[in-house]
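All residue numbers in this chain count up from 1 along the given sequence. Order of listing sets the numbers, starting from 1, for every ligand and every atom in it.
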Amino acid sequence: MDGGAVGVVVASNAEGFAAGDHVLHFAGWREYASVPARYATKVDPEAAPLSAYLGVLGMTGLTAYAGLLEVASFKEGDSVFVSGAAGAVGSQVGQIARLKGASRVIGSAGSDEKVKLLVEEYGFDAAFNYKDEKPVVEQLKEAAPEGVDVYFDNVGGEHLEAAISRMNVHGRATICGMIAGYNDTEPTPGPRNLAMVIGKRLRLQGMLVQDHNALQPQFVREVGAWVRSGELKYRETVVEGVENGVEAFLGMLRGENTGKMIVSLA
Ligand SMILES: NC(=O)c1ccc[n+]([C@@H]2O[C@H](COP(=O)([O-])OP(=O)(O)OC[C@H]3O[C@@H](n4cnc5c(N)ncnc54)[C@H](OP(=O)(O)O)[C@@H]3O)[C@@H](O)[C@H]2O)c1
């Protein structure tokens with residue numbers, strides 16, 4: 001199973017890497033990895049907790065930063081809606097939008113506790129529980145009476161359809177993930193209102209984080225400063241032991257995590 005991991009170098013014959021160094025690699029779920037030096041990135045355990053290099057200052061953080069600023073062409077004054085908003089990517093999208101001058105930030109999540117966290121800790125202007133009886137489109141209409149300029153999609157399905165309905169003319173959507181459909185055994189039906197894209201001149205753009213590596217230094221500088229100053233907050237859900245990795249992954253799909261799901265081997 002691939003995925004990002006941070007660990008300590010046990011032995012190295014590569015220039016620039018010595019035993020005891022801390023590195024990030026993407027060789028996946030394992031206790032030991034043999035990694036060519038070009039696939040390892042040194043990280044500084046003094047500058048941030050090691051787990052931050054997987055989440056808030058790592059791949060999911062860069063996904064949020066690049067997906068909002070580069071892919072959705074976010075600009076000051078935009079109203080922003082993000083689904084999966086209490087997760088690793090979503091919680092950062094909402095906070096970056098707030099810090100960059102969004103006129104309104106709205107999030108959706110799957111429990112009342114997460115909704116409370118979005119408003120009270122992350123500073124979202126409004127949030128709703130998509131598992132409530134009321135359809136997503138109606139909850140979004142109440143939360144964003146002036147409509148939505150930018151939609152950051154982590155979920156797909158009903159959320160995407162609702163966002164298309166509530167997006168303003170020339171709105172932009174970053175299609176980052178479609179977790180609502182990852183376990184579907186049949187192809188997921190498309191949004192039934194896709195034709196609205198024409199009249200509203202919407203832009204729906206898919207993204208892959210690895211296309212945005214050039215933003216990495218700027219991302220670490222800017223988000224690192226917000227984390228240090230406390231302006232950007234993050235949570236992690238930590239599960240102990242590689243033997244619990246599968247359960248942690250399935251738990252993440254069920255929404256048992258708040259922020260980045262981490263499996264700790266320590
Ligand atoms: N394109 C890229 O390059 C890229 C990179 C990284 C991640 N992603 C994607 O971005 C999304 C977020 O990733 P992440 O790592 O930050 O995960 P995450 O949001 O930390 O965890 C996944 C969350 O999805 C929510 N969820 C599960 N089933 C759902 C459903 N049917 N409807 C609505 N929400 C549901 C759960 O929260 P609730 O309790 O709120 O339901 C769960 O906590 C994922 O779709 C992922 O695949 C894309």
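- The shortest N or O to N or O distance between A180 and ligand 1 is not under 3.5 Å.
- Contacts of M178 with ligand 1, taken as heavy-atom pairs under 4.0 Å, involve the backbone alone.
- Considering backbone and side-chain atoms together, G90 places no N or O closer than 3.5 Å to any N or O of ligand 1.
- When hydrogens are left out, the protein atom nearest atom 3 (O) of ligand 1 is V209 N, 2.8 Å; that is the closest non-hydrogen contact.
- Under 4.0 Å from ligand 1, the heavy atoms of T60 that appear belong solely to its side chain.
- Closest protein heavy atom to atom 17 (O) of ligand 1: M252 SD, 4.4 Å.
- Residue-to-ligand polar distances place N257 within reach of ligand 1: an N/O pair is separated by less than 3.5 Å.
- Nearest protein heavy-atom neighbour of atom 13 (O) of ligand 1: V89 CG2, 3.9 Å.
- In this comparison of I179, L62, L118, the heavy atom closest to atom 24 (O) of ligand 1 sits on I179.
- Looking at Y130 next to ligand 1, an N or O pair under 3.5 Å apart turns up.
- Just one of V148, V105, V150, D153 meets the side-chain contact (heavy atoms from CB on, under 4.5 Å) condition when paired with F81; it is V148.
- Residue V155 has no nitrogen or oxygen atom sitting less than 3.5 Å from a nitrogen or oxygen atom of ligand 1, judged on distance alone.
- The closest non-hydrogen atom to atom 10 (O) of ligand 1, taken over N154, N183, L54, comes from N154.
- Taking SG of C176 as the start and CG of L208 as the end, the distance is 9.0 Å to the nearest 0.5 Å.
- Atom numbering of ligand 1 starts at 1 in the shown order; those under 4.0 Å from a heavy atom of M207 are 1 (N), 2 (C), 3 (O).
- The distance from ligand 1 to the heavy atoms of L253 drops below 4.0 Å at these ligand atoms: 27 (C), 28 (N).
- Salt bridge status for D125 with R104: absent, with no side-chain N to carboxylate O gap under 4.0 Å.
- Here the protein heavy atom with the shortest distance to atom 36 (C) of ligand 1 is G255 CA, 3.4 Å.
- The G177 neighbourhood of ligand 1 comprises atoms 9 (C), 45 (O), with distances under 4.0 Å to a heavy atom of that residue.
- Interface atoms of ligand 1 facing A88, defined by a heavy-atom separation under 4.0 Å, are 16 (O), 18 (P), 19 (O), 20 (O).
- Remark: distances from the non-hydrogen atoms of C176 to ligand 1 include one below 4.0 Å.
- Under the 4.0 Å criterion applied to side-chain N and carboxylate O atoms, R166 and E142 are not assigned as salt-bridge partners.
- Expressed to the nearest 0.5 Å, how far CG of L62 lies from CG of N213 amounts to 6.5 Å.
- Given atom 19 (O) of ligand 1, the protein heavy atom at minimum distance is G87 CA, 3.2 Å.
- Residue contact check: K114 has heavy atoms under 4.0 Å from atoms 37 (O), 38 (P), 39 (O), 43 (O) of ligand 1.
- Closest to atom 40 (O) of ligand 1 among all protein heavy atoms lies G110 N, 2.8 Å.
- Side chains of E222 and Y65: a donor on one and an acceptor on the other come within 3.5 Å.
- For Y182, a nitrogen or oxygen atom sits less than 3.5 Å from a nitrogen or oxygen atom of ligand 1, counting backbone and side chain alike.
- Of all atoms in ligand 1, numbered sequentially from 1 with element shown, those under 4.0 Å from a heavy atom of G259 are 20 (O).
- Checked by distance only, ligand 1 and M59 stay at 3.5 Å or farther apart across all their nitrogen or oxygen atoms.
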